[in-house]
Amino acid sequence: MAGGGGGGRAIRVLNVAEKPSVAKTVSGILSRNQGLRMREGRSRYNKVFEFNYTIQGQPCQMLFTSVTGHLMEIEFEGRYRKWHACDPVDLFQAPIQKHVPEDKLDIRKTLEEEARKCQWLVLWLDCDREGENIAFEVVEVCSNVNSRLNIWRARFSSLIEREIHQAAQQLVRPNQLFSDAVDVRQEIDLRIGASFTRFQTMLLKDAFVFNFSTDGRNLVLSYGPCQFPTLGFVVERYWEIQAHEPEEFWKIQCSHTTDEGTATFNWIRGHLFDYTCAVLLYEMCVQEPVATVTKVRQQERLKYPPHPLNTIELEKRASRYFRMSSEQTMKIAEDLYQSGFISYPRTETDSFSARTDLHILVQEQQEHPVWGPYAQRLLDPSSGLWRNPSGGGHDDKAHPPIHPTKFSPGQSGWSEDHRKLYELVVRHYLACVSQPAVGAETTVEIDIAGEMFSALGRTIVARNYLEVYRFDSWGGSLIPNYTFGQQFTPTSLTLDSGTTRPPPLLSEADLLDCMDKGEALVMGYDDMGYELWKPYLRSMMEEDMKAVSVGNKRKAEVLATCLQQMKACFLDARLNKVKLFQALEIFFDRTNRTGGDEQHNIGELVRRCDVCEDSDLVLRKKPCRNAIWLPGSISEAAVTTTVCNVCTPGPIFKIQFTFRRLEIPPDFSVHHLGCVGGCDDIMRELMEISASAHRNFSSVPARGRGTTASSRNNSPNNQPQSTCSFCHQTGHSSSDCYSLTSQSRSAQSQGGNSHNGDSLIPCSTCGSPCLLKTANTENNRGRKFYSCQTQGCKFFVCWEDSVPTTTTSRRGDRGRGGGANGSDVRFVSATGDPVSGRSCFICGDPSHFANVCPNRGIRN
DNA sequence: GCAAGGTC
């Protein structure tokens, strides 16, 4: 810095921190608690500290006070503040003023009084963009009463002695560009938020009956350019879950145990959605169960430690390892920062600058009873454990990655969360400067009756960073040694079922609270075809803000473009307001409809559902998010007027079910008047049978396969049928009924394969020629079928004598939860219909399928 | 009666 001249008379320096605690801590450090005095300021929380200090040889009488975050707010001028006094679209260019709000006036007064006495102003605001903006707010207030102030900025990333003294001795000028970026953000947020909020509130609040509490305040349907896209995430995920139809799949699992360990072999085909196919292939494996090793590959693998820690990673990891919310994490991190134990916790940076002394930070941790010995080894060059950390490529140019700044074996005042978070920061740091873990991996592939399986074994050769980073694990699994060509009989060979699952619901509690109105609004804007509710808008703005902060774009230019786009969007939304009405109508009652209508809960008929073509699409008061999964063996279900006299709370109307004969055990009736309230044992049993359609031939010697049924499988239901929450019909979910608005689902069909005589047919999944193989199963011995042999291909397969001219894929390649990709595999007849008339492969009885065979699991 | 970002 340009020094203040040396040695002469003391000058008075006003120092301002972002919050009272920082003013106190920094004053304590700079004064070394020698001659430190504290007096009241005008505001209750913001005290004034006084002490003497020398900056670059210049004696200074330091006055140290604080603000509490932003000192100023922006607001529309005059009449634009009144909701009905202007058109909301005017808010895109209405004049704006920055002012100190009522509750901050006494802080301003303190600043003014102190600034009048001083020659210098030193800004100790947090070193991020918001902090820089607050710095300029302080400058404005202080300069107004003292235009001769020499204005300086202290840059610091942690509240530790070394760094604070360094910041005081190396003052710089405040950065106008950082502050400009925040001005842009504030103005855009206000204009977009206020215009859309007023527009949608005035449009909708009197037109609908909103059934949520407003705590006595006026109802406001707020639109926040930050909050709304986040809500959009939750809603979008919710729609995905609604649209998900659980589907049962089948896979062959094989394991082999010897004295050396157990190898679990996974089927290279993954899993199949067609039961018949899976059973056929499984049967072939069971009848010729000898496995031949076709490949053994050994490889060294490295598992690298994480990058240095930034805020997002800290939040993610604290959530994953400790189930700590981001709010709690940041609160604790802020605490640890303020007491000097860790560096500034709000940073985007995930690489250390070359200037950082990484060894000093490790030295400090050597005394720790738990990880101290690791730190010592890390510093011992002969251990070879040290590694310069690799960066993640982000740098906010303001702060280093989050790292420990002071050693602590655990403070007495710390909560469990403080201890955990400090430990995470320390262990993460130590991990970053450590060598990666080294593993030896063995991949073994085997062939059983033409089907390929593979198993992975891993031994960890050197744990390295994993020794200190207890949060990461790298499972080792010792498998037996195999040699190429070796043959063995598997210990178990099972046909397992599973069900695809929807993705989990995003659970930001506060967002879930406003799901109702939020979902309706998101749906409305989505129907207009806008991405107003997507995070894209916000991230574009973030990019622009960054450009402003580094001087690549000018403040005025970014403001103009962004507001122009948003204004166009706003005008368009207003033209399409009917879409908002339509969406809201799905969730809420119109106010112009009188109550007391008994038909209300059922809803008014809109039209026939074009997905199931069987039920009515009705306008419901509110969609129900609850569903009861019924067994897939149900072919028909109708609600009766019979009320269950056992289950509560009643009334629960019984349902007349019709089951598919082949999919329930022979001793069950196909007709059943059932209750879904929990009292119905028959329903429960049928659901369990669906769930345990799984056979386990543990140990399959070539002869005499005597086994018992396994109950090990806990996989979910057998193709549960969804119940539409709008029309209450089974067979489609409410998302299908959403096709009324936007989400239309179309069955996808795949192109046909023509078959001429004896030429091989191409696989409908990967296109390679399918091999003609001979079935070797009890029921189909000698019958020929086509099978794709491409590794891992979920192949098309069909009987030689029924090659179809056209095949239909089950919902094609739509992505689904649970990793299933929906590739289809099924036997089809020449007409493309599924082959019927097959019989149980266990007992040969054509009256049922093997999944409900009374003899399942028993073979002779 | 609007937003989001500071902080108490």
Side-chain angles (χ1 to χ4, degrees), chain A residues 16-24 41 43-47 65-77 79-92 94 96 98 100-101 103-104 106-107 123-138 178-179 181-206 210 214-231 311 327 330-331 333-335 337-338 344-346 510 521 532 535 537-538 541-542 545 559 562-563 566 570:
Chain A
V16 183
E18 189 158 324
K19 43 185 167 270
S21 60
V22 172
K24 187 178 178 188
S43 94
R44 206 171 127 209
Y45 303 108
N46 307 81
K47 315 287 182 195
T65 188
S66 53
V67 288
T68 44
H70 276 286
L71 186 59
M72 298 179 168
E73 275 177 17
I74 55 168
E75 204 180 24
F76 293 110
E77 276 180 18
R79 70 182 182 96
Y80 295 98
R81 262 176 259 166
K82 292 212 159 54
W83 278 47
H84 292 277
C86 73
D87 184 329
V89 77
D90 296 343
L91 299 178
F92 283 95
I96 280 175
K98 206 170 200 180
V100 179
D103 62 336
K104 299 281 173 79
D106 44 8
I107 298 181
L123 302 153
W124 290 84
L125 287 306
D126 289 359
C127 291
D128 48 24
R129 290 204 290 249
E130 293 297 332
E132 211 65 23
N133 191 268
I134 301 171
F136 278 88
E137 295 174 354
V138 172
F178 267 42
S179 174
V182 173
D183 283 343
V184 172
R185 181 203 51 76
Q186 288 181 335
E187 188 172 334
I188 291 175
D189 284 346
L190 177 65
R191 292 189 190 278
I192 297 177
S195 56
F196 275 92
T197 301
R198 286 189 198 178
F199 157 66
Q200 66 189 24
T201 302
M202 294 194 285
L203 178 73
L204 304 166
K205 84 165 202 181
D206 293 324
F210 292 103
T214 54
D215 293 335
R217 288 188 300 268
N218 258 345
L219 172 79
V220 173
L221 297 170
S222 51
Y223 178 97
C226 183
Q227 163 247 104
F228 205 63
T230 320
L231 176 66
T311 307
E327 203 186 340
M330 290 317 289
K331 196 174 148 275
E334 177 72 29
D335 241 29
Y337 159 69
Q338 287 201 26
Y344 190 65
R346 282 189 287 274
D510 47 339
L521 290 167
L532 275 175
L537 197 76
R538 188 72 190 179
M541 227 175 86
E542 292 287 340
M545 273 183 57
L559 261 175
C562 184
L563 289 173
M566 284 311 296
F570 176 88

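Below, read A as the first sequence line, B as the second, and so on, with proteins coming before strands; counting in each chain starts at 1.
Residue A:I74 is in base contact, counting any heavy-atom pair closer than 4.0 Å across all strands shown. Among the atoms of the strands shown, only primed sugar atoms or phosphate atoms (P, OP1, OP2) are found under 4.0 Å from some heavy atom of A:P20. The residue A:I134 sits apart from the nucleic acid: no heavy atom pair falls under 4.0 Å. Among the protein residues, A:K205 comes within range of the nucleic acid bases, having at least one heavy atom under 4.0 Å from a base atom. Using a 4.0 Å heavy-atom distance criterion, A:R346 is classed as a sugar-phosphate-only contact. Using a 4.0 Å heavy-atom distance criterion, A:T201 is classed as a base contact. Here A:N133 lies out of heavy-atom contact (under 4.0 Å) with every strand. At the heavy-atom level, A:K104 lies under 4.0 Å from base atoms of the strands shown.
Remark: the backbone N or O of A:D90 is not paired with any side-chain donor or acceptor of A:D87 at under 3.5 angstrom. A:R185 places no side-chain N or O within 3.5 Å of a backbone atom of A:E542 that could act as its donor or acceptor partner.
Using a 3.5 Å distance cut-off with no hydrogens or angles, the side chains of A:S179 and A:E132 do not pair a donor with an acceptor.
A nucleotide of DNA chain B counts as in contact with chain A when one of its atoms lies under 4.0 Å from a heavy atom; the first and last such, 5' to 3', are B:dG1 to B:dC8.
Nearer to the 5' terminus of DNA chain B, by closest-nucleotide assignment, is the contact made by A:H70 (compared with the other of A:H70 and A:D103).
In this structure, the ring pair (Phe, Tyr, Trp, His ring centres under 6.0 Å) partners of A:Y344, at least two apart in sequence or on a different chain, are A:Y337, A:H399. Evaluation of the side chain to side chain donor-acceptor pair (under 3.5 Å) rule for A:S43 yields A:N46 as partners, not counting sequence neighbours.
Taking every heavy atom of both residues into account, A:F76 and A:R81 meet most closely at O-NE, 2.8 Å.
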